[in-house]
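Structure record follows, encoded as structure tokens.
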4 protein chains.
Amino acid sequence: MNKTKEKIFKAAIKTFSKSGFYKTTMEEIAENAGVAKGTLYYHFKSKDDILEFLIDEGIKILKQEAIEEIGRLNNAVEKLRKIIFVQTNFLYRNHDFIIVLLSQIWGHGEVPRKFREKLYTYLELIENIIREGKEQKLIADCDEKIVAAAFFGMISSILALKVVEDSDEKFNPQDITDSVFNFALKGLQLQ
Amino acid sequence: MNKTKEKIFKAAIKTFSKSGFYKTTMEEIAENAGVAKGTLYYHFKSKDDILEFLIDEGIKILKQEAIEEIGRLNNAVEKLRKIIFVQTNFLYRNHDFIIVLLSQIWGHGEVPRKFREKLYTYLELIENIIREGKEQKLIADCDEKIVAAAFFGMISSILALKVVEDSDEKFNPQDITDSVFNFALKGLQLQ
Amino acid sequence: MNKTKEKIFKAAIKTFSKSGFYKTTMEEIAENAGVAKGTLYYHFKSKDDILEFLIDEGIKILKQEAIEEIGRLNNAVEKLRKIIFVQTNFLYRNHDFIIVLLSQIWGHGEVPRKFREKLYTYLELIENIIREGKEQKLIADCDEKIVAAAFFGMISSILALKVVEDSDEKFNPQDITDSVFNFALKGLQLQ
Amino acid sequence: MNKTKEKIFKAAIKTFSKSGFYKTTMEEIAENAGVAKGTLYYHFKSKDDILEFLIDEGIKILKQEAIEEIGRLNNAVEKLRKIIFVQTNFLYRNHDFIIVLLSQIWGHGEVPRKFREKLYTYLELIENIIREGKEQKLIADCDEKIVAAAFFGMISSILALKVVEDSDEKFNPQDITDSVFNFALKGLQLQ
DNA sequence: TATGAATGAGTCTTCATTCAT
DNA sequence: AATGAATGAAGACTCATTCAT
């Protein structure tokens with residue numbers, strides 16, 4: 001990704017998350033990127049194309065980070081803790097990305113469907129860990145697909161609802177990871 | 001809500017969930033409702049107004065159902081199980097609503113913020129139950145806000161991702177409720 | 001064709017012939033028609049659609065006039081004289097139309113091809129007369145298709161080149177008809 | 001005309017005739033010429049300039065060929081036959097040129113007017129021959145301007161309508177010349 | 001209550017042209 | 001001589017909204 005394209009990329013994420021995809025105009029993106037409107041079209045086919053590129057790129061990076069961190073571990077439970085941290089941390093650093101993503105993946109249309117497909121490639125990582133954990137007798141019987149969806153939705157909601165709202169100082173990736181890990185692994189119920 | 005207004009209301013939910021709020025035109029809503037475009041403006045101030053009405057109505061009903069079901073119970077854990085069921089069941093019956101909601105609540109803008117405020121009135125129900133459970137020594141120490149957000153995101157994601165995608169016959173509200181309840185209360189880890 | 005559509009129709013012909021199809025803006029057409037830009041799109045799908053409608057309509061009228069006038073006659077040579085007059089007269093009254101038509105029918109593209117197809121339905125009238133004349137032993141052996149194309153091109157050129165250029169008072173439909181008829185029937189050569 | 005300029009020239013004719021002047025982009029011309037977009041501007045002032053150059057060049061060559069061929073003859077009727085052949089043959093070899101020309105010379109605008117002026121210098125050749133023929137008592141009384149326009153329109157139409165459409169094997173310059181000559185000199189009417 | 005023709009502000013997109021290299 | 005990234009003016013088109021009937 002060359003210099004100009006990256007400026008556009010960053011401006012687009014910021015602007016989409018601030019105003020939403022549809023209320024964002026190409027004019028605005030160009031302004032925020034410090035280039036002329038026509039330049040956007042030199043680097044991207046269309047406004048839709050910017051969105052797709054942005055979601056592609058985001059999920060790709062999230063997946064890469066997850067794969068790298070998980071690779072070194074053997075224990076499925078430890079992998080889960082790690083993946084919670086990676087996702088939390090990534091969304092914490094890129095909360096604009098998660099806002100854009102969450103605004104675009106729902107619905108019956110062709111576009112949200114396409115974006116969900118991309119997301120699934122990430123969810124599969126989680127599913128695999130769950131499956132592994134069940135084989136290792138570390139994780140209880142459950143439907144991996146449901147659990148993967150639950151993980152994604154849980155973390156994203158927490159981050160998107162919270163990050164957007166308050167800027168609570170104690171609201172940091174490590175604390176959230178701990179909360180979510182406890183919740184997800186041990187459950188809420190006192191034994 | 002009179003007959004015509006209800007026709008519009010239903011057409012709007014269906015159309016928003018199918019094409020998204022922005023790609024949906026007033027023309028389309030009118031067509032699907034079987035009325036003329038002008039009629040929409042007799043019953044609603046604007047397109048935004050239809051959306052707001054629709055989200056208001058949805059959250060109001062979800063809350064009502066939850067309050068009714070929970071009212072009879074004392075045990076916080078049972079209340080949680082119930083609320084999982086109510087939300088699952090509601091979203092199962094009204095998956096178009098959750099699609100619309102999930103597409104609109106994220107972002108820094110004034111509109112998503114307004115909708116989040118409405119959602120919070122529902123999340124508070126969950127927070128209260130958690131708090132109650134902690135007092136009853138049934139539920140472990142945790143951050144209620146985070147847990148409420150987690151519950152909402154978890155269930156919504158499962159429903160929105162699944163319902164839209166496959167039409168798995170065994171994918172029914174009761175099974176999902178059980179899965180989610182087990183997951184949330186006992187955690188994934190084998191003891 | 002209702003009142004508004006007709007206003008647009010007339011403004012479009014005038015504007016296209018003055019500035020050419022591509023240099024004409026929808027704004028201009030709207031101004032000349034005395035309506036708002038959006039109104040154009042209420043009555044026509046697109047700028048291309050206006051052009052197509054206009055060419056359809058023009059050729060339809062030209063054909064109707066020709067058929068009406070020819071119907072009463074039996075002699076193929078008289079029919080030819082009549083058709084020369086009809087075409088000359090029509091183009092004289094609608095010189096803006098012929099300018100638009102002649103600017104659009106050439107080329108390998110899909111659009112000019114479509115317009116030529118429409119024109120052919122008129123040229124067939126001429127071909128039939130030629131064929132008839134040959135059967136009646138009034139007209140010499142020749143290729144009808146070539147002659148029909150020649151007739152059309154000859155008359156159109158004269159009208160388009162002349163009408164546009166000078167406003168010669170003696171330049172009237174009847175005189176041109178006589179010239180063309182003499183030229184076409186008797187040829188240039190002195191016997 | 002150097003090598004690069006000629007590549008551009010040829011690419012331009014081909015592309016203009018294929019897509020029309022307005023739908024043709026500088027990008028396309030550059031691609032078809034195998035050069036970069038900027039290079040077009042090294043050799044031509046603008047897109048309009050390419051068009052003008054191309055029409056200038058075409059008419060210049062047509063005129064040159066006509067003058068050369070006619071020069072050797074004395075008889076006006078033979079000159080006419082020759083000029084029909086030259087024009088037919090030229091347009092047959094350069095049908096892309098005639099398509100471009102015919103698409104650009106009509107209309108009230110400044111540009112088509114300018115191109116018509118260029119065309120007139122060719123039409124004058126025909127007018128002169130007619131005038132000469134009348135003096136030689138070989139050609140009947142007629143309006144030279146009208147006849148010249150008729151000749152041009154007739155031949156161009158035949159070529160442009162036919163050449164573009166079918167690739168009839170018997171459709172060759174010599175046969176067309178014969179048809180047109182017979183038609184123009186002796187007329188259609190059986191004596 | 002309901003209609004639908006008309007509106008015009010707002011946007012995406014195209015593309016000829018420029019210019020530093 | 002040639003390149004191609006960058007520009008921004010211009011234009012087609014959309015669509016929420018209005019209003020006379």
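Only this structure's heavy atoms are used, side chains among them; waters, hydrogens and symmetry mates stay out. In what follows, chains are A, B, ... by sequence order, proteins preceding strands, each numbered from 1.
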Whole-Å gap separating [atom2] ([N]) and [atom1] ([X]):
{"X": "C:M26", "N": "E:dA9", "atom1": "CE", "atom2": "C1'", "value": "16 Å"}
{"X": "A:Y22", "N": "E:dG10", "atom1": "OH", "atom2": "C1'", "value": "16 Å"}
{"X": "D:I29", "N": "E:dA16", "atom1": "CD1", "atom2": "P", "value": "8 Å"}
{"X": "D:L40", "N": "E:dA16", "atom1": "CG", "atom2": "P", "value": "10 Å"}
{"X": "D:K3", "N": "F:dA1", "atom1": "NZ", "atom2": "P", "value": "14 Å"}
{"X": "D:E27", "N": "E:dT13", "atom1": "CD", "atom2": "P", "value": "18 Å"}
{"X": "A:K23", "N": "E:dA9", "atom1": "NZ", "atom2": "P", "value": "20 Å"}
{"X": "A:Y41", "N": "F:dA12", "atom1": "OH", "atom2": "C1'", "value": "13 Å"}

Closest to the D:A36 side chain, choosing from F:dG4, E:dG8, E:dC12:
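The answer is F:dG4.
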Could you work out which one of F:dA12, E:dT18, E:dA6 sits closest to the side chain of C:T4?
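Minimum distance to the C:T4 side chain belongs to E:dA6.
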Parsed dot-bracket for DNA chain E after applying the Watson-Crick and G-U rules with both distances under 3.5 Å and | for other-strand partners is .||||||||||||||||||||
For E:dA2, does OP1 or OP2 lie under 4.0 Å from any side-chain N or O of B:Y42?
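The answer is no; no side-chain N or O of B:Y42 sits under 4.0 Å from OP1 or OP2.
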OP1 or OP2 of E:dA2 sitting under 4.0 Å from any side-chain N/O of B:H43?
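Yes, such a contact exists.
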Show the numbers, then the answer: is there a salt bridge (Lys or Arg N to Asp or Glu O under 4.0 Å) between A:R113 and A:E117?
CA-CA 6 Å; A:R113 177 149 298 165; A:E117 294 299 336; 5.9 Å; no
Flag this pair as yes if the NZ/CZ of B:K47 is under 6.0 angstrom from the six-membered ring centre of B:F16 and inside a 45 degree cone about the axis; otherwise no.
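The answer is no; the distance or angle limit is not met.
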So what does B:T25 touch, heavy atoms closer than 4.0 Å: a base, only the sugar-phosphate, or nothing?
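Sugar-phosphate contact only.
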So D:K47, base contact, sugar-phosphate only, or nothing? Heavy-atom distance under 4.0 Å.
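If one applies the 4.0 Å heavy-atom cut-off, D:K47 turns out to touch the sugar-phosphate alone, with no base involved.
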Which label fits C:Y22 and D:Y22: parallel for a plane angle under 30°, tilted from 30 to 60°, or perpendicular past 60°?
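Plane angle under 30°, so parallel.
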Donor-acceptor contact below 3.5 Å, side chain D:T24 vs main chain D:T15
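Looks like yes, one N/O pair under 3.5 Å.
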What pair of heavy atoms forms the shortest contact from C:S17 to C:V100, and how long is it?
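Smallest interatomic distance, heavy atoms only, reads N-CG2, 3.8 Å.
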Does any N or O donor sit under 3.5 Å from an N or O acceptor when you compare the side chain of D:K37 with the base of F:dT3?
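In this structure, the two groups form no donor-acceptor pair.
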CG/D:N32 to CD1/D:I13 distance, rounded to the nearest 0.5 angstrom?
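Output value for this atom pair is 13.0 Å.
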State which residues pass side chain to side chain donor-acceptor pair (under 3.5 Å) with B:D56; sequence neighbours excluded, sorted by chain then number.
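For B:D56, the residues satisfying side chain to side chain donor-acceptor pair (under 3.5 Å) (neighbours in sequence not counted) are B:K118.
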On DNA chain E, nearest-nucleotide positions of B:N2 versus A:F21: which is more 5'?
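Residue closer to the 5' terminus by nearest nucleotide: B:N2.
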DNA chain E: C:G38 or A:K45, which has the more 5' nearest nucleotide?
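So the residue in question is C:G38.
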Hey, which of these two, D:T39 or A:G34, hits DNA chain F nearer its 5' end, going by closest nucleotide?
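The answer here is D:T39.
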Between D:K3 and D:E6, is a salt bridge (Lys or Arg N to Asp or Glu O under 4.0 Å) present by the stated rule, with each step listed?
CA-CA 5 Å; D:K3 214 71 179 275; D:E6 191 163 350; over 6 Å; no
